[in-house]
Trainee: 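The structure follows.
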Amino acid sequence: MAGKARTRTFTVPLLVASLVLLLDGCTGGGTAPAGPSLPDPEPGKVASFALEGLSTEYDLGEAVSSGTDGSYVASDSSGNVYMMNGSDSPADVLRMTPQGQVTRFARIASLKYATGMAATPDGGLLLGITGGLIRVDRHGTPTPAQTSHHFDSPTPIGARPDGSVIVVDDGRVWSLKGGGVTLLYGKPGTSGGRGTVDSSGTVYVQPAAGDMFGDMIVLPLGKAPYRLRISGNLPGSSTPISGLVPATLTAARGGGFYAMVTNGPQSPTYAAYVIRVRGATATAVAKGSSQGTCAVGEQYPALDNRCTMPWFVTQSGNRVLVIGSNTMSGKSVPALAIRADTT
């Protein structure tokens with residue numbers, strides 16, 4: 001299903017008190033019945049699978065139906081993947097385990113203008129909405145977050161080991177712990193930033209939409225921020241990865257992050273890639289196209305295939321998953337799984 005463009009009006013005040021926050025989801029307990037599972041990709045290959053085939057009760061295709069302006073994906077340290085369609089009301093937050101079992105984690109009614117989602121160390125989620133934040137506890141209960149700073153269009157991007165959650169808003173990077181908010185980096189005046197936080201607490205952030213890898217800011221825990229400097233070219237070319245624009249990012253369990261990028265729709269050899277960034281090195285671990293097709297249930301050489309690359313990249317256990325529709329082709333495509341570097 002193709003993503004639908006939406007226009008946001010950020011001057012509309014958020015009436016948090018009038019939001020109706022409802023829970024109607026899974027709170028754990030019981031044993032899920034056996035069913036479809038995630039594929040086990042071989043080293044150096046991508047495994048194609050039908051994300052929608054993992055559940056007959058919930059529409060996973062709808063949950064990841066568009067770019068980051070409509071759907072949101074996050075994963076936690078246990079490998080659970082959370083998916084939310086931010087354009088529907090009520091919005092279901094679905095949880096998929098590393099084995100591919102899908103349940104509804106929470107339901108949020110009257111949700112409008114969702115801006116992001118990140119897993120929190122206590123087993124819950126932090127949702128960004130226009131004008132504020134919503135906490136979802138580990139039981140799936142949502143409540144408005146009370147903070148010492150007013151957020152305009154916050155994007156939660158991940159959590160540090162000390163339990164603080166990192167939020168990007170209006171070109172600035174904030175640390176949120178309890179209700180206290182601390183400014184870590186940046187100045188106002190930009191929009192559309194995103195990023196991720198790895199297991200060491202290092203923050204990688206694009207302060208503004210359209211920032212390239214070389215524009216990204218790194219904020220190590222307890223150290224001064226610096227600009228990301230990486231080496232590495234796209235496979236078989238002289239195109240530096242540092243000059244590409246990350247589309248979606250996810251923290252890598254072994255440190256650093258993965259990103260889904262394209263080499264630009266204007267390129268005569270258009271392609272999409274999953275890039276592994278660790279330290280000062282960037283490496284393409286998978287390649288896709290814009291118009292190719294993959295048979296569901298098959299595995300292909302990771303850097304030599306015609307699979308269309310979906311939009312969202314996230315890590316779940318020992319797999320990197322690329323899921324959702326493709327924003328260039330505007331069509332639903334099979335999901336891909338890649339063996340993750342977990343060391």
Side-chain angles (χ1 to χ4, degrees), residues 23 25-29 32 37-38 51 54-55 58 60 63-64 68 71-86 91-108 114-128 133-143 145 154-168 175-177 194-204 221 248-260 312-324 335 337-338 340-342:
L23 167 70
C26 174
T27 58
S37 60
L38 292 172
L51 181 69
L54 296 176
S55 176
Y58 302 108
L60 274 71
V64 290
T68 51
S71 295
Y72 301 91
V73 173
S75 59
D76 62 22
S77 59
S78 298
N80 297 306
V81 176
Y82 301 86
M83 297 165 276
M84 179 187 71
N85 188 304
D92 282 338
V93 179
L94 305 180
R95 178 169 59 189
M96 180 176 67
T97 70
Q99 294 73 40
Q101 297 169 349
V102 179
T103 55
R104 184 169 62 196
F105 179 65
R107 169 167 285 190
I108 305 174
T115 53
M117 178 171 68
T120 55
D122 58 5
L125 297 170
L126 187 67
L127 310 183
L133 295 159
I134 293 176
R135 292 187 183 276
V136 182
D137 68 17
R138 63 187 181 89
H139 301 294
T141 303
T143 55
T155 302
I157 63 171
R160 282 178 155 172
D162 65 357
S164 59
V165 182
I166 306 302
V167 178
V168 180
S175 174
L176 173 64
K177 190 171 185 180
R194 60 174 67 96
T196 191
V197 184
D198 71 14
S199 58
S200 72
T202 299
V203 179
Y204 302 87
L221 192 61
T248 60
L249 306 97
T250 190
R253 284 177 53 188
F257 63 95
Y258 291 92
M260 182 275 192
F312 292 101
V313 62
T314 190
Q315 183 164 354
S316 175
N318 64 353
R319 303 176 181 89
V320 174
L321 304 179
V322 199
I323 56 180
I338 311 158
D341 169 14
T342 57

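Values reported hereafter were calculated over all heavy atoms of this structure, with side chains retained and with hydrogens, waters and symmetry mates removed.
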Trainee: When you measure from the side chain of R319 to the backbone of P98, do you find a donor-acceptor pair of N or O atoms at a distance under 3.5 Å?
Mentor: yes
Trainee: How far apart are the C-alpha atoms of L176 and L133, what are their side-chain angles, what is the distance that settles it, and do they pass the side-chain contact (heavy atoms from CB on, under 4.5 Å) test?
Mentor: CA-CA 11 Å; L176 173 64; L133 295 159; 3.6 Å; yes
Trainee: Return the set of residues passing side chain to side chain contact (heavy atoms under 4.5 Å, CB included) with S200 (not counting sequence neighbours), or none when no residue passes.
Mentor: D198, T202
Trainee: What pairs with D137 under side-chain hydrogen bond (donor to acceptor under 3.5 Å, both in side chains), at least two apart in sequence or on another chain?
Mentor: none
Trainee: For the pair F105 and Y82, name the ring-plane relationship: parallel under 30°, tilted 30 to 60°, perpendicular over 60°.
Mentor: perpendicular
Trainee: Check M96 against L321 and note the closest heavy-atom contact, atom names and distance.
Mentor: CE-CD1, 3.7 Å
Trainee: For A119 versus A74, what's the shortest heavy-atom pair and its separation?
Mentor: N-CB, 4.1 Å
Trainee: Please evaluate residues T248 and V73 with respect to the criterion side-chain contact (heavy atoms from CB on, under 4.5 Å), reporting the C-alpha separation (whole Å), side-chain torsions for both, the decisive distance (0.1 Å), and the verdict.
Mentor: CA-CA 10 Å; T248 60; V73 173; over 6 Å; no
Trainee: Please check this pair: side chain of T115 against backbone of T155, looking for a donor-acceptor N/O pair closer than 3.5 Å.
Mentor: no
Trainee: Let me confirm one number: the CE-CG distance from M84 to D92, rounded to the nearest 0.5 Å.
Mentor: 10.5 Å
Trainee: With the side chain counted from C-beta on, respond yes when V136 and V93 share a heavy-atom pair under 4.5 Å apart, and no when they do not.
Mentor: no
Trainee: Mind checking side-chain hydrogen bond (donor to acceptor under 3.5 Å, both in side chains) for T314 and listing every partner two or more places apart, or none if nothing turns up?
Mentor: S75
Trainee: Atom OG1 in T103, atom CG in L94: separation rounded to 0.5 Å?
Mentor: 8.0 Å
Trainee: Out of curiosity, L127 CG to I108 CD1, how far, rounded to the nearest 0.5 Å?
Mentor: 4.5 Å
Trainee: A side-chain contact here means heavy atoms from C-beta on lying under 4.5 Å apart; do V168 and R194 qualify?
Mentor: no
Trainee: Would you name the heavy atoms of G195 and I157 that are closest together and state the gap between them?
Mentor: O-CB, 3.4 Å
Trainee: Which atom names give the shortest non-hydrogen contact between A335 and I323, and what distance separates them?
Mentor: CB-CG2, 3.8 Å
Trainee: Taking side-chain hydrogen bond (donor to acceptor under 3.5 Å, both in side chains) as the test, write out the residues that go with T97, two or more places apart.
Mentor: Q99
Trainee: Please report the closest heavy-atom contact between F312 and Y72, naming both atoms and the distance.
Mentor: CZ-N, 4.4 Å
Trainee: Just jot down the side-chain hydrogen bond (donor to acceptor under 3.5 Å, both in side chains) partners of S78, sequence neighbours excluded, or say none.
Mentor: none
Trainee: Drop me the distance from I166's CD1 to K177's NZ, to the nearest 0.5 angstrom.
Mentor: 11.0 Å
Trainee: Which heavy-atom pair separates T250 from Q315 by the least distance, and what is that distance?
Mentor: OG1-N, 3.4 Å
Trainee: Hey, what do you get for OG (S164) to CG (L221), rounding to the nearest 0.5 Å?
Mentor: 7.5 Å
Trainee: Check side chain to side chain contact (heavy atoms under 4.5 Å, CB included) between T120 and all other residues, then give those that pass, not counting sequence neighbours.
Mentor: D122, L126, V165
Trainee: To the nearest 0.5 Å, what is the distance between OG (S37) and CD (Q101)?
Mentor: 9.0 Å
